[in-house]
**Q** 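Could you have a look at this structure, given as structure tokens, before my questions?
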Number of protein chains: 4
Amino acid sequence: MAAPDNKPTSVDSSRAASRCAQVLDAAAECFRLKGFHGASMADISRTAGMSAGHIYNYFDSKDAIIGGIVKRELREIMANIESLEAAPDTFHAMIEHADEGMNRSLDTRSSALKLEVLVESTRNAELATLVHEADRAALARLCELIRKGRGDRPALPEDELFARAELLIATFDGLRIRALRNPQLNQDAILQVLRQQLDRLLND
Amino acid sequence: MAAPDNKPTSVDSSRAASRCAQVLDAAAECFRLKGFHGASMADISRTAGMSAGHIYNYFDSKDAIIGGIVKRELREIMANIESLEAAPDTFHAMIEHADEGMNRSLDTRSSALKLEVLVESTRNAELATLVHEADRAALARLCELIRKGRGDRPALPEDELFARAELLIATFDGLRIRALRNPQLNQDAILQVLRQQLDRLLND
Amino acid sequence: MAAPDNKPTSVDSSRAASRCAQVLDAAAECFRLKGFHGASMADISRTAGMSAGHIYNYFDSKDAIIGGIVKRELREIMANIESLEAAPDTFHAMIEHADEGMNRSLDTRSSALKLEVLVESTRNAELATLVHEADRAALARLCELIRKGRGDRPALPEDELFARAELLIATFDGLRIRALRNPQLNQDAILQVLRQQLDRLLND
Amino acid sequence: MAAPDNKPTSVDSSRAASRCAQVLDAAAECFRLKGFHGASMADISRTAGMSAGHIYNYFDSKDAIIGGIVKRELREIMANIESLEAAPDTFHAMIEHADEGMNRSLDTRSSALKLEVLVESTRNAELATLVHEADRAALARLCELIRKGRGDRPALPEDELFARAELLIATFDGLRIRALRNPQLNQDAILQVLRQQLDRLLND
DNA sequence: AATGAATGAGACTTCATTCAT
DNA sequence: CATGAATGAAGTCTCATTCAT
């Protein structure tokens, strides 16, 4: 350490980070396709283009990998908080862009992974902690958006603010489940009703 | 012996049905606790009080067991259709009993199993078919309830009717996810907002 | 036992014999199709139209069933000895009917069972004893046929007599193997050469 | 390290080949002793000195192992073709060395395996293909030997050439069966008659 | 005589993980 | 850093056999 040459550590660590990311990407793909237990380390190593043994240089166990996936998501959420907080006229934007949000919810591939992780968190305390933490950050941010978005209208009681945020998220999360249970759901009709519901949640 | 009535067949078949139910109960419990792939046939057989080998007299495979769980749920849903269809003043009842519905959604134990099955259906075509079929039945029933509940108000277009039903279910299903991601969610505050949302979905 | 009524025992025992035969027939069919280890008692019971449990009233074990098959064959061979011993002009008949013998050897279905039993006898001492016993009876009979068939020609030394019989049987048994290894073998051409070989074995 | 030559691949692949051979040897031994279905993967792994799981790095399944045995035999047969094709005065050699051939046929150990494989091929299409292919190669070679061995005598019709080859092989294969069915068979007397039969098959 | 429920051992196979190289 | 050989535990499922009825 502190060797005379300066590059190696930085190079190594950036290489390591990139290898880690490779693993996380591969694992996310595999978990989505086959589920956490259904995906083998061999699957992941193949997808990552790396020997299974080597993955253990970066992650202690298969559990640690799914933990890594959630941690990375958490980091991304945290990073996005600031950048997105500044947007003006939030409500109009949210309702206007409801279609994008809905489409994200109707993407069964991403939903499968999300639910996979959630279900697994039911049985893995460490994973649960990560999931809860990530959720708390996202929820807080959404509350803040709503508070700001209401502008000079009288402030909502904290409880109700959170309840609205919860139901807003619940609606989108619920659509994930709907998309999986009913592959023929009518997107256009839903979007219309969804917009009304959002409008009331935000503006009433 | 030589008794005039020979019940054995009926006795046997009722015994078989009861053994089947034992397996399904045990499996549901195990899948909930450990997940479909995490729960072993040994776990299930232990919980069911029956040798693992014997379970295969009733179910062809582990897959068939989770299929059996969904089929049983479907039968229960179907059975409830008639009994619930006759209730008068549906909307008022639905909004009034929203707390019960919400509590069902916030029961993380039942949610874990429900999501487990749903996630597994992502990777098991036969299971997916069962899930979709059960969903179609439930959805149709809800639409009918809404149609009747609206009484002499102008009929909703079919599309919108379905969209409202979808969002109604989505809201409750979404709360399942919320309960898992945020164990501290404030039930009372949510109930209030939930009732408003339901009221609009049904009565607007 | 020795009950005043006379029929039951005989009826029962004939019924038992018939049930036994059912099992042996079914087992022979199953072993032929799936092999001794590949055929399950469930397979046999299904084919025999009898519950698996009941089979154990007639046979102590699966091993005993294959033993029963060989014993039955042995009895049949023994029974045939006398009836066939009397035929006049044996050699001519044998060579003339070589085609029938060859066709029997080329029947892959019966060969599969025969080899199955033989191979199993390699690993089952009791079965081996039965096989050897049956073979000894058949071989002795064939030697006798040859001796008689040679009429007033000078008697062959015992050794050579047996050797000729061995090779005669070997030729037909070998054709069983050939039929399994080469499904396209040319029967007509073989028959011609076979006849010449038989002729020399018997008449030289 | 940083040695100029990097042999690992070649070393590894030779190691892999040797491990494969270990498995095939062990499996051949186990199949011979207990039969294909009677021998467990645990038996094979114990005999091979290798964990059962590791065998699956080399063979996809137990079926693939018996297939590997046949493939290896086929390779050996093919390899011998050239080396043996060149021998002069084939017939005399064949008849002279009939004792060696007969002894091979009378080796019940090798016969048990050979028949085991043959019987299994009755129920395994892929294995059957391999067996037929190996047989075709061996048969063709024998025909060629006979054709050449006949020197300037008038050529045999193709049909008869094949028929003679078939019966030649059948005779030796039949002796395998004889050795198993009659452990007391008189080798010396048989050898004498066998030589006469061979002589006629080849020289007539 | 006959059934079929029931078991427990054991079959093949997969897999997370370790370690020498 | 990187590999892949290797393992041992565990998984699903089958099956010969027993026994109450």
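Proteins come first, then strands; the chains are lettered A, B, ... in the order of their sequence lines, and each starts at number 1. Heavy atoms only: backbone and side chains are in, while hydrogens, waters and symmetry mates are out. Only a predicted model underlies this, so the values are computations on that prediction, with no experimental measurement involved.
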**Q** Would a 4.5 Å heavy-atom cut-off, applied to side chains only, mark D/Phe36 and D/Lys62 as touching?
**A** yes

**Q** From C-beta outward on C/Met50, which listed nucleotide comes closest to its side chain: E/dA16, F/dA6, E/dT3?
**A** E/dT3

**Q** Once you round it to whole Å, what is the distance between P of E/dA16 and CZ of A/Phe59?
**A** 15 Å

**Q** Taking the side chain as everything from C-beta on, heavy atoms only, tell me whether B/Leu115 gets closer than 4.5 Å to B/Leu180.
**A** yes

**Q** Where does DNA chain F form stems of at least three consecutive Watson-Crick or G-U wobble pairs, each pair having both distances below 3.5 Å?
**A** E:2-21 with F:2-21

**Q** Rounded to the Å, how far apart are D/His37 NE2 and F/dT14 P?
**A** 14 Å

**Q** Taking the nucleotide of DNA chain F with the nearest heavy atom to each, does D/Ile55 or A/Gly49 sit closer to the 5' end?
**A** A/Gly49

**Q** In Å, rounded to the nearest 0.5 Å, how long is the span from CZ of A/Arg15 to SG of A/Cys20?
**A** 12.0 Å

**Q** Which residues pass the salt bridge (Lys or Arg N to Asp or Glu O under 4.0 Å) test with A/Arg46, sequence neighbours left out?
**A** A/Asp43

**Q** Could you check whether any side-chain heavy atom of D/Glu133 comes within less than 4.5 Å of a side-chain heavy atom of D/Val70, counting everything from C-beta outward?
**A** no

**Q** Between E/dT7, F/dT3, F/dC1, which nucleotide gets closest to the side-chain atoms of A/Tyr58?
**A** F/dC1

**Q** What is the distance from atom CD of B/Glu73 to atom CG of B/Leu113, rounded to the nearest 0.5 Å?
**A** 7.0 Å

**Q** At under 4.0 Å between heavy atoms, what does C/Ala39 touch on the DNA or RNA strands: base, sugar-phosphate, or nothing?
**A** sugar-phosphate

**Q** Pairs under 3.5 angstrom, nitrogen or oxygen only, protein versus nucleotides 17-21 of chain F, please.
**A**
residue, atom, partner, partner atom, Å
F/dT17, OP2, C/Tyr56, OH, 2.7
F/dT17, OP2, C/Lys62, N, 2.9
F/dT17, O5', C/Tyr56, OH, 3.3

**Q** For F/dG4, take OP1 and OP2 only and decide whether either is under 4.0 Å from a side-chain N or O of D/Arg15.
**A** no

**Q** So do A/Phe31 and A/Val117 actually touch side chain to side chain, heavy atoms under 4.5 Å?
**A** no

**Q** Rounded to the nearest 0.5 Å, what separation is found between the CD atom of B/Glu120 and the OG1 atom of B/Thr122?
**A** 8.5 Å

